[in-house]
Each structure stands twice: as C-alpha cells, then as structure tokens.
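So the structure is just underneath, and the comments pick up after that.
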Amino acid sequence: MSKLIDDKLCQYFHPKKVEEAFLRYKEAKHDVFTEEIRIPMGADGISSKTFEKELSRRCQFISKRVIHGTYLFYPFREVNIPKPSGQERVLAIATIRDVLVQKILYELLYEEVEKLFKATPKLDRVSCAYRKGKSASSAARLIHNYIQSGFHFSLDADIVKFFDVIAHDRLISIIQNLFGHETRVSTLLRRFIKTSGIPYRDEQNEPRVRASQSGLTQGFENKHHVLVAHGCPFPFLS
C-alpha cells in the first residue's frame with residue numbers, strides 16, 4: 001500500500017483539488033440567515049477573506065509542501081468553552097490551510113479505513129459514528145430493530161476524556177502499520193497528531209505554546225479519521 005497511498009496523495013493534493021476543498025469549506029460555513037461566512041481564524045491571523053484573495057498561490061503552496069513531504073501544521077488556537085457542568089473544554093481552531101489539508105486527508109484515507117470495517121461485518125453493522133451514510137439516526141434505527149427483535153435492555157457507555165488520553169506512540173504505530181513507516185501520508189499524520197496548541201493567554205496574559213504529548217484536542221477537523229483508525233480495533237489492534 002505504501003507506494004499506492006502516496007500516489008493517491010499526489011492526486012488528492014493537486015492545487016485545483018485544494019482550491020475545490022476551500023470552496024466546499026466556504027459553502028459549508030455559509031450562514032443562510034445572515035449571509036456571513038463563519039470561518040474561524042487560526043493562530044496565524046489569516047482570515048478567510050485574506051486567504052481567498054490569494055487562493056491560487058496559497059493552494060499551490062499547500063500542494064507543493066504536502067507532495068514533497070515538507071508540510072508542517074501551524075499550532076492550534078485553543079479556546080476554552082464553558083460546559084453545562086460548570087467545567088470547560090478546550091476547542092482547537094486550526095488555520096484555514098491546515099483545515100483544508102485535514103479535510104483532504106480525511107477523504108484520501110476514508111476508503112482505506114472503511115475496508116477494515118467491511119472486513120468485520122459485526123463491527124461494520126453497529127459502528128455508526130464518523131462514517132459516510134451513517135449517523136445518530138442510524139444508531140437509533142438499529143436500536144429500534146433490536147427492540148423489535150425482543151431485546152429489552154441497552155448499555156449506554158462512554159470513555160471519559162477519551163481524546164485527552166490517546167497515546168500518541170500507540171496511535172502512530174497503528175498508522176504506520178496501516179499506511180507504511182516511511183510514506184508521506186504517515187509522516188503527515190504523525191505531524192498532525194503532534195501539533196501543539198496556543199491558548200489565548202496564560203496567567204501573565206501572554207500567549208503560550210502547549211506541547212502535545214498525548215490526546216487529540218477537541219475541534220480537530222481531522223479527528224474523524226483518527227477516531228475511525230483508533231476505534232476499529234478488531235482487525236488490527238490485537
């Protein structure tokens with residue numbers, strides 16, 4: 001798969017493909033009520049309007065760096081979001097260029113990871129999160145079918161702070177086993193996982209970089225395919 005996955009990477013990260021990804025992202029962030037484009041600004045300070053003014057040049061930059069294996073992710077801008085419990089969760093906001101790389105990576109890897117689900121029919125049937133054509137409604141219908149079949153009890157379970165404690169070394173090892181140790185895809189994913197974060201301000205009211213040693217910060221655009229890879233244990237985590 002090593003050569004094939006990197007060949008696909010070159011196809012997916014053609015400059016025109018990157019431009020198309022931006023236009024889809026912009027459309028997805030269009031507020032139909034206010035007519036505003038609600039694309040958040042990352043830690044590099046580049047707004048969507050500024051990015052779009054030099055769209056061709058910026059997309060060529062992304063394409064060239066990714067294809068040559070020299071692309072580096074910018075630190076995430078971290079924002080504390082209040083929770084109903086009174087606690088806070090940290091939301092990571094990526095730069096626009098990094099969001100595009102994450103989205104294209106997701107599309108590139110989705111088909112390969114989906115094969116792992118298809119190879120395990122029982123898991124394929126009950127896994128409804130972060131997969132195309134499946135949703136919370138799919139899970140509800142599945143539960144309803146079980147009720148109709150005579151089942152009366154269901155177990156609702158959650159892994160507390162799952163994304164906060166994912167071991168990077170283990171996750172990177174899984175990725176390398178899947179996509180090759182020296183591929184550009186594995187290298188790009190490893191850099192993504194290790195990306196640091198910049199909180200708004202520290203105790204002295206100064207910006208500060210937070211090094212990433214474990215876990216994936218809430219808000220990662222590309223967390224979807226990372227979850228798929230980490231949450232499909234039966235074929236390849238044993």
Side-chain angles (χ1 to χ4, degrees), residues 1-32 34-77 92-116 118 130-135 175-176 178-195 216 219-229:
M1 178 188 290
S2 299
K3 184 178 184 301
L4 292 176
I5 198 69
D6 275 351
D7 287 345
K8 286 182 68 175
L9 179 138
C10 293
Q11 297 171 12
Y12 275 69
F13 279 94
H14 186 280
K16 290 298 181 184
K17 296 282 188 182
V18 181
E19 288 189 29
E20 291 170 3
F22 172 80
L23 295 176
R24 289 194 298 270
Y25 180 45
K26 178 182 176 182
E27 179 64 26
K29 293 296 185 179
H30 174 240
D31 189 318
V32 296
T34 65
E35 294 299 322
E36 294 179 357
I37 305 299
R38 297 182 178 275
I39 296 180
M41 183 185 296
D44 61 354
I46 296 176
S47 67
S48 60
K49 290 183 178 180
T50 300
F51 191 94
E52 190 169 11
K53 284 179 181 178
E54 300 177 325
L55 183 60
S56 178
R57 183 180 68 82
R58 293 183 185 277
C59 291
Q60 288 176 23
F61 168 86
I62 293 170
S63 173
K64 181 179 179 180
R65 290 294 180 92
V66 170
I67 290 174
H68 289 119
T70 59
Y71 188 88
L72 297 176
F73 291 92
Y74 207 91
F76 289 88
R77 180 166 67 90
I93 301 176
T95 63
I96 295 172
R97 67 176 175 87
D98 287 349
V99 169
L100 300 183
V101 172
Q102 292 171 43
K103 287 182 175 295
I104 296 171
L105 259 181
Y106 173 74
E107 294 298 331
L108 167 63
L109 301 180
Y110 184 87
E111 183 178 338
E112 299 300 327
V113 176
E114 188 69 12
K115 292 176 183 177
L116 301 172
K118 299 300 183 184
Y130 306 110
R131 299 177 68 195
K132 297 177 181 180
K134 295 194 175 187
S135 63
I175 288 169
Q176 290 175 336
L178 278 173
F179 306 118
H181 285 256
E182 302 298 331
T183 61
R184 280 168 287 181
V185 165
S186 291
T187 298
L188 196 58
L189 284 171
R190 184 176 67 251
R191 290 173 182 168
F192 164 75
I193 291 168
K194 291 291 187 181
T195 301
L216 297 173
F220 279 17
E221 289 281 346
N222 212 35
K223 186 175 66 179
H224 294 177
H225 76 251
V226 173
L227 174 65
V228 169

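Note that the numbering runs from 1 along the sequence shown for the chain. Just the heavy atoms: all of them, side chains too, but no hydrogens, waters or symmetry mates, feed the values below.
A distance-only check finds a donor-acceptor pair linking the side chain of His14 to the backbone of Lys16 [under 3.5 Å]. In terms of modelled atom types and a separation under 3.5 Å, the side chain of Arg191 and the main chain of Tyr71 share a donor-acceptor contact. In this structure a side-chain-to-backbone donor-acceptor pair under 3.5 Å is present from Arg77 to Met41.
Two residues are said to be in side-chain contact when any heavy atoms from C-beta on lie closer than 4.5 Å; Leu116 and Leu178 meet this criterion. Under the 4.5 Å side-chain criterion, counting only non-hydrogen atoms from C-beta, Ile5 is in contact with Leu109. Taking 4.5 Å as the limit, every side-chain heavy atom of His181 sits out of range of all side-chain heavy atoms of Ser186. Side-chain atoms of Leu188 and Val101, non-hydrogen and from C-beta on, do get closer than 4.5 Å to each other. Inter-residue side-chain proximity for Cys10 and Arg184 is flagged as met; some heavy-atom pair is nearer than 4.5 Å.
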Please test Phe192 against Asp98 for side chain to side chain contact (heavy atoms under 4.5 Å, CB included), starting from the C-alpha separation and ending with a verdict. CA-CA 9 Å; Phe192 164 75; Asp98 287 349; over 6 Å; no
Test side chain to side chain contact (heavy atoms under 4.5 Å, CB included) on Lys132 and Glu114 and set out the steps. CA-CA 10 Å; Lys132 297 177 181 180; Glu114 188 69 12; over 6 Å; no
Run the side chain to side chain contact (heavy atoms under 4.5 Å, CB included) test on Phe179 and Val113 for me, step by step, so that the C-alpha distance in whole Å, both residues' side-chain angles and the decisive distance to 0.1 Å come before the verdict. CA-CA 10 Å; Phe179 306 118; Val113 176; 4.1 Å; yes
Could you walk me through whether Thr50 and Lys53 pass the side chain to side chain contact (heavy atoms under 4.5 Å, CB included) test, one step at a time? CA-CA 5 Å; Thr50 300; Lys53 284 179 181 178; 5.6 Å; no
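Among residues two or more places apart in sequence or in another chain, the salt bridge (Lys or Arg N to Asp or Glu O under 4.0 Å) test is passed with Glu35 by none. Partners of Glu54 by salt bridge (Lys or Arg N to Asp or Glu O under 4.0 Å), not counting sequence neighbours, listed by chain and number: Arg57, Arg58. Applying the ring pair (Phe, Tyr, Trp, His ring centres under 6.0 Å) test to Phe22 and every residue at least two apart in sequence or in another chain returns Phe51.
Nearest heavy-atom pair, Cys59 versus Pro15, reported as atom, atom and distance to 0.1 Å: CB-O, 3.8 Å. The nearest pair of heavy atoms linking Phe76 to Ala94 is CE2-CB, 3.4 Å.
Rounding to the nearest 0.5 Å gives a distance of 9.5 Å between CZ of Phe73 and CD1 of Ile193. Taken from CD1 in Ile39 to NZ in Lys29, the straight-line distance is 7.5 Å, to the nearest 0.5 Å. Remark: Gln11 CD to Ile67 CD1 distance equals 10.0 Å, nearest 0.5 Å. Interatomic distance, Thr195 OG1 to Tyr74 OH, rounded to the nearest 0.5 Å: 12.5 Å. The CG atom of Asp31 sits 4.5 Å away from atom CZ of Arg38, with the distance rounded to the nearest 0.5 Å. A distance of 10.0 Å separates CD in Glu19 from CD1 in Ile62, rounded to the nearest 0.5 Å.
Residue Leu9 forms a side-chain contact (heavy atoms from CB on, under 4.5 Å) with just one option from Leu4, Leu108, Thr183, Ile104, and that option is Leu108. With Pro40 as the partner, the side-chain contact (heavy atoms from CB on, under 4.5 Å) test is satisfied by one option alone out of Ile93, Thr95, Val99: Ile93.
Counting heavy-atom neighbours within 6.0 Å of Lys64 NZ, excluding the residue itself, gives a total of 12 or less. Within 6.0 Å of the NZ atom in Lys8, the count of heavy atoms belonging to other residues, nucleotides or ligands exceeds 12.
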